[in-house]
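Inspection log for the structure reproduced underneath, given as structure tokens.
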Amino acid sequence: MSHFNSIKELLNTMSRGNKLIAEMFEKRKTPSYRYDYAVELMENNEDVIKLLLSKNIIIQNGAYIELDNQFLNFFEDILGLFYSPVMMI
């Protein structure tokens with residue numbers, strides 16, 4: 001479960017990690033995203049990665065990380081990626 005004290009804190013955290021979050025979301029269909037790739041993408045700024053981990057935006061499993069399902073589902077829902085409109089007559 002994510003723990004934020006305000007919407008401002010959530011948005012600031014997402015902003016700090018936007019490069020990694022966007023990259024991981026684009027590659028969400030691949031089975032795993034390596035932690036060392038994330039460090040490289042974030043120009044060796046592990047503090048941001050650790051922040052995202054501490055807030056459960058991303059989760060770590062050994063040498064791999066992934067978006068937490070709560071955030072992944074939110075992004076997919078808000079972007080309408082799995083939305084199937086029903087025709088009403």
Name all residues meeting the side-chain contact (heavy atoms from CB on, under 4.5 Å) criterion together with Tyr64; count only those two or more places apart in sequence or in a different chain, and write none if there are none.
Ser32, Arg34

When you compare the side chain of Ile49 with that of Ile58, does any pair of heavy atoms fall below 4.5 Å?
yes

Excluding sequence neighbours, so at least two apart, what forms ring pair (Phe, Tyr, Trp, His ring centres under 6.0 Å) with Phe75?
Phe25

Nearest 0.5 Å please: distance from the NE2 atom of His3 over to the NZ atom of Lys55.
8.5 Å

Can a donor-acceptor pair be found, under 3.5 Å and without considering hydrogens, that links the side chain of Asn18 to the backbone of Met14?
no

For the atom pair CD1 (Ile21) and CG (Leu72), what is the distance rounded to the nearest 0.5 Å?
12.0 Å

Hey, can you pull the donor-acceptor pairs under 3.5 Å for the side chains in residues 39-48, sequence neighbours left out?
| from | atom 1 | to | atom 2 | distance (Å) |
| --- | --- | --- | --- | --- |
| Asn45 | OD1 | Asp47 | N | 3.2 |
| Glu46 | OE1 | Tyr35 | OH | 2.7 |

Do Arg28 and Glu76 meet the salt-bridge criterion of a basic N to acidic O distance under 4.0 Å?
yes

Residue among Leu11, Thr13, Asn12 satisfying side-chain contact (heavy atoms from CB on, under 4.5 Å) with Phe4
Thr13

Can you list everything that forms a side-chain contact (heavy atoms from CB on, under 4.5 Å) with Ser6? Sequence neighbours excluded, please.
Lys8, Glu9

Does Lys50 have any salt bridge (charged side-chain N to carboxylate O under 4.0 Å, His left out) partners at least two apart in sequence or in another chain, and if so, which?
none

Nearest 0.5 Å, what's the CG-CD1 distance between Leu52 and Ile65?
8.0 Å

Look at the side-chain heavy atoms of Ile, Leu, Val, Met, Phe, Trp and Tyr, link any pair under 4.5 Å apart, and say whether Leu79 and Ile57 land in one connected group.
yes

Without swapping roles, check the side chain of Asp77 against the backbone of Phe74 for a donor-acceptor pair under 3.5 Å.
no

Within the structure provided, determine whether Glu23 and Tyr37 are in side-chain contact (heavy-atom separation under 4.5 Å).
no

Partner set under side-chain hydrogen bond (donor to acceptor under 3.5 Å, both in side chains) for Lys19, not counting sequence neighbours
none

Please check if atom CG in Asp36 has more than 12 non-hydrogen atoms from other residues, nucleotides or ligands closer than 6.0 Å.
yes

